[in-house]
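Quick notes on the structure that follows.
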Number of protein chains: 2
Amino acid sequence: MPASKSAPGLESLSVIEPVCAVFRRTLKGAGLKYTLERAQILDSVMRQPGLFHADELIRGLKDEGFRVSKATVYRTLKLMQDSGIIQRVLFDDDDAGRYQVVFGTSAVDLLIRTDNGEAMQIEIPELKAICDRLCESRGLELKGHRLQIFAGPK
Amino acid sequence: MPASKSAPGLESLSVIEPVCAVFRRTLKGAGLKYTLERAQILDSVMRQPGLFHADELIRGLKDEGFRVSKATVYRTLKLMQDSGIIQRVLFDDDDAGRYQVVFGTSAVDLLIRTDNGEAMQIEIPELKAICDRLCESRGLELKGHRLQIFAGPK
DNA sequence: CTTGGTGCAAACATTTTGCAGCACA
DNA sequence: TGTGCTGCAAAATGTTTGCACCAAG
């Protein structure tokens with residue numbers, strides 16, 4: 001049940017203040033605007049269960065009564081990648097436009113079941129240190145990582 | 001300088017015996033055939049520098065004088081994924097059909113430079129144990145993993 | 001021989017782009 | 001008010017599929 005049937009204003013969107021701030025800052029930094037459409041898309045993305053399809057997102061937005069074109073959604077998803085809010089995800093079987101929210105969570109790694117394709121976000125605390133050390137030894141700075149573990153029944 | 005201008009026979013393809021055996025076994029197991037085209041594609045893939053584009057591969061094959069259609073290449077790449085010989089790879093900026101050879105190497109993880117996009121294969125010995133432990137605790141068996149580290153200059 | 005494989009071109013699905021009008025800063 | 005933004009539909013990818021003929025086992 002969409003609590004906000006009529007398109008919410010820029011500020012009345014749900015509890016996503018920090019992401020929102022990050023997004024606005026990134027946009028402003030690039031001389032871009034924080035539009036109503038972008039706010040709606042951000043809101044919808046943050047309400048996704050971690051992993052989502054571009055297609056689902058678009059359908060979801062339409063179902064909620066927003067009239068955004070897929071062109072705008074794709075354009076915005078790209079901006080959100082640049083802002084470090086979301087990340088694309090690739091599965092072996094299916095290439096489709098899958099994404100995951102990575103902002104504000106340390107559970108960005110994925111455990112994918114090889115038997116049923118189910119994917120869940122997991123957390124591996126020690127991984128960061130390993131990556132850090134590896135970058136350090138090459139004189140680089142760690143910017144992020146992405147891990148997929150494939151597992152099935154014994 | 002292609003040492004083999006004329007299409008090589010099924011057996012005279014370069015030094016890729018173990019992969020070849022694996023591929024043939026997988027195919028046979030599925031009631032599929034080990035054709036000349038598949039042999040040529042396998043050979044070409046194994047001569048790639050770890051990471052490659054589907055497109056490059058196709059162009060490379062044509063340049064060497066092989067007349068394989070992209071349809072067959074894509075069909076074969078999929079079979080090679082199933083055989084555990086190659087794996088798809090996704091980069092943020094570009095979705096294109098990138099793959100990497102994973103057979104016979106423990107350096108399947110990637111360090112990607114955020115400044116120039118350069119990707120190199122790396123090895124993280126302790127990662128397997130971590131993944132193993134994680135699967136173990138869920139009663140699953142580790143089948144494999146995939147890691148991308150993003151790093152840039154300090 | 002029989003079953004699967006191949007090339008081709010058309011079909012597909014997803015993402016990008018050009019353009020005319022609209023809206024935020 | 002002027003850039004940038006939007007929707008639309010068309011274009012551009014990247015990948016898959018139907019079909020008639022060919023070839024591996």
Side-chain angles (χ1 to χ4, degrees), chain A residues 7-11 13 20 23-42 44 52-59 61-62 65-82 86-99, chain B residues 7-11 13 20 23-42 44 52-59 61-62 65-82 86-99:
Chain A
L10 287 183
E11 295 74 18
L13 292 166
C20 178
F23 195 33
R24 299 184 74 142
R25 192 174 334 121
T26 308
L27 290 173
K28 177 162 282 185
L32 303 177
K33 294 169 183 171
Y34 184 67
T35 65
L36 178 58
E37 286 81 359
R38 287 174 183 170
Q40 292 172 338
I41 294 168
L42 174 64
S44 185
F52 62 95
H53 269 73
D55 214 42
E56 285 169 7
L57 186 76
I58 294 171
R59 201 162 15 255
L61 282 162
K62 304 228 178 205
F66 299 135
R67 285 188 309 90
V68 283
S69 65
K70 64 190 157 109
T72 296
V73 171
Y74 279 115
R75 286 188 274 236
T76 303
L77 287 177
K78 191 161 286 182
L79 291 170
M80 292 175 65
Q81 283 183 70
D82 298 341
I86 60 172
Q87 206 173 60
R88 302 197 64 169
V89 179
L90 174 73
F91 293 90
D92 269 324
D93 43 335
D94 152 82
D95 359 343
R98 310 268 271 264
Y99 296 83
Chain B
L10 285 182
E11 296 74 19
L13 291 166
C20 178
F23 195 32
R24 299 185 72 145
R25 191 175 335 121
T26 308
L27 290 174
K28 176 162 285 184
L32 304 177
K33 295 169 185 175
Y34 184 67
T35 64
L36 178 58
E37 287 81 0
R38 287 173 183 171
Q40 292 172 339
I41 294 168
L42 175 62
S44 185
F52 64 95
H53 269 75
D55 216 41
E56 284 169 9
L57 187 77
I58 294 170
R59 199 158 21 252
L61 282 162
K62 304 227 179 208
F66 299 135
R67 285 186 311 89
V68 282
S69 66
K70 62 186 160 111
T72 296
V73 171
Y74 279 115
R75 286 188 273 233
T76 303
L77 287 176
K78 191 161 286 182
L79 291 171
M80 292 175 65
Q81 283 183 70
D82 297 341
I86 61 172
Q87 205 172 60
R88 302 197 64 169
V89 180
L90 174 73
F91 291 89
D92 269 323
D93 43 335
D94 150 82
D95 358 343
R98 310 267 271 263
Y99 296 82

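A, B, ... follow the sequence lines: proteins, then strands. Residue 1 opens every chain. What you see below is based on every heavy atom in this structure, not just the backbone, and it leaves out hydrogens, waters and symmetry mates. Every value quoted in this text rests on a predicted model; they were computed, and no experiment measured them.
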What's the separation between atom [atom1] in [X] and atom [atom2] in [Y], rounded to the nearest 0.5 Å?
X	Y	atom1	atom2	result
B:I58	B:H53	CD1	NE2	11.5 Å
B:T72	B:F66	OG1	CZ	14.0 Å
A:K78	A:I86	NZ	CD1	11.0 Å
B:F23	B:I41	CZ	CD1	8.0 Å

**Study point:** Residues which pass side chain to side chain contact (heavy atoms under 4.5 Å, CB included) with A:A71, listed by chain and number, not counting sequence neighbours
**Key:** A:S69, A:R75
Review point. Under the side chain to side chain contact (heavy atoms under 4.5 Å, CB included) test, which residues partner B:S44, sequence neighbours left out?
Key: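 In terms of side chain to side chain contact (heavy atoms under 4.5 Å, CB included), with neighbours along the sequence ignored, B:S44 is linked to B:R47, B:Q48, B:L57, B:L61, B:E64.
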Check your understanding: By salt bridge (charged side-chain N to carboxylate O under 4.0 Å, His left out), which residues pair with A:D55, not counting sequence neighbours?
Key ->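 Per chain and number, A:D55 pairs via salt bridge (charged side-chain N to carboxylate O under 4.0 Å, His left out) with A:R59.
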Review point. Between A:L79 and A:L27, does a side chain to side chain contact (heavy atoms under 4.5 Å, CB included) hold up when you go through it step by step?
Key: CA-CA 8 Å; A:L79 291 170; A:L27 290 173; 4.0 Å; yes
Please tabulate the protein-to-nucleotide N/O contacts below 3.5 Å involving nucleotides 7-11 of chain C, giving atom names and distances.
{"residue": "C:dG7", "atom": "OP1", "partner": "B:R67", "partner atom": "O", "Å": "2.7"}
{"residue": "C:dG7", "atom": "OP1", "partner": "B:S69", "partner atom": "N", "Å": "3.3"}
{"residue": "C:dG7", "atom": "OP2", "partner": "B:S69", "partner atom": "N", "Å": "3.2"}
{"residue": "C:dG7", "atom": "OP2", "partner": "B:S69", "partner atom": "OG", "Å": "2.7"}
{"residue": "C:dG7", "atom": "OP2", "partner": "B:T72", "partner atom": "OG1", "Å": "2.1"}
{"residue": "C:dG7", "atom": "N7", "partner": "B:R75", "partner atom": "NH2", "Å": "3.0"}

**Study point:** Phosphate OP1/OP2 of C:dT16 contacted by A:Y74 side-chain N/O (<4.0 Å)
**Key:** no
Distance, rounded to the nearest Å, where [X] contributes [atom1] and [N] contributes [atom2]:
X	N	atom1	atom2	value
B:L57	D:dT15	CG	C1'	15 Å
A:Q40	D:dT6	CD	C1'	12 Å
A:L36	D:dG4	CG	C1'	15 Å
A:L27	C:dC24	CG	C1'	12 Å
B:I41	D:dT15	CD1	P	14 Å
A:H53	C:dA13	NE2	P	13 Å
A:L61	D:dT6	CG	P	13 Å
A:K28	D:dT3	NZ	C1'	15 Å

Review point. By side-chain hydrogen bond (donor to acceptor under 3.5 Å, both in side chains), which residues pair with A:T76, not counting sequence neighbours?
Key: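 Residues passing side-chain hydrogen bond (donor to acceptor under 3.5 Å, both in side chains) with A:T76: none at all.
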Show each protein N/O and nucleotides 2-4 of chain C N/O combination with a separation under 3.5 Å, one pair to a line.
{"residue": "C:dT3", "atom": "O2", "partner": "B:K33", "partner atom": "NZ", "Å": "2.6"}

Review point. With sequence neighbours excluded, what pairs up with B:Y74 under the ring-ring contact (aromatic ring centres under 6.0 Å, His included) test?
Key: none
**Study point:** Five-pair end axes of the helix from C:dC1-D:dG25 to C:dA25-D:dT1, angle between them (10°)
**Key:** 50°
Exercise for review: Please name the pair of heavy atoms, one in A:V89 and one in A:Y99, separated by the smallest distance, quoted to 0.1 Å.
Suggested key: CG2-C, 4.0 Å
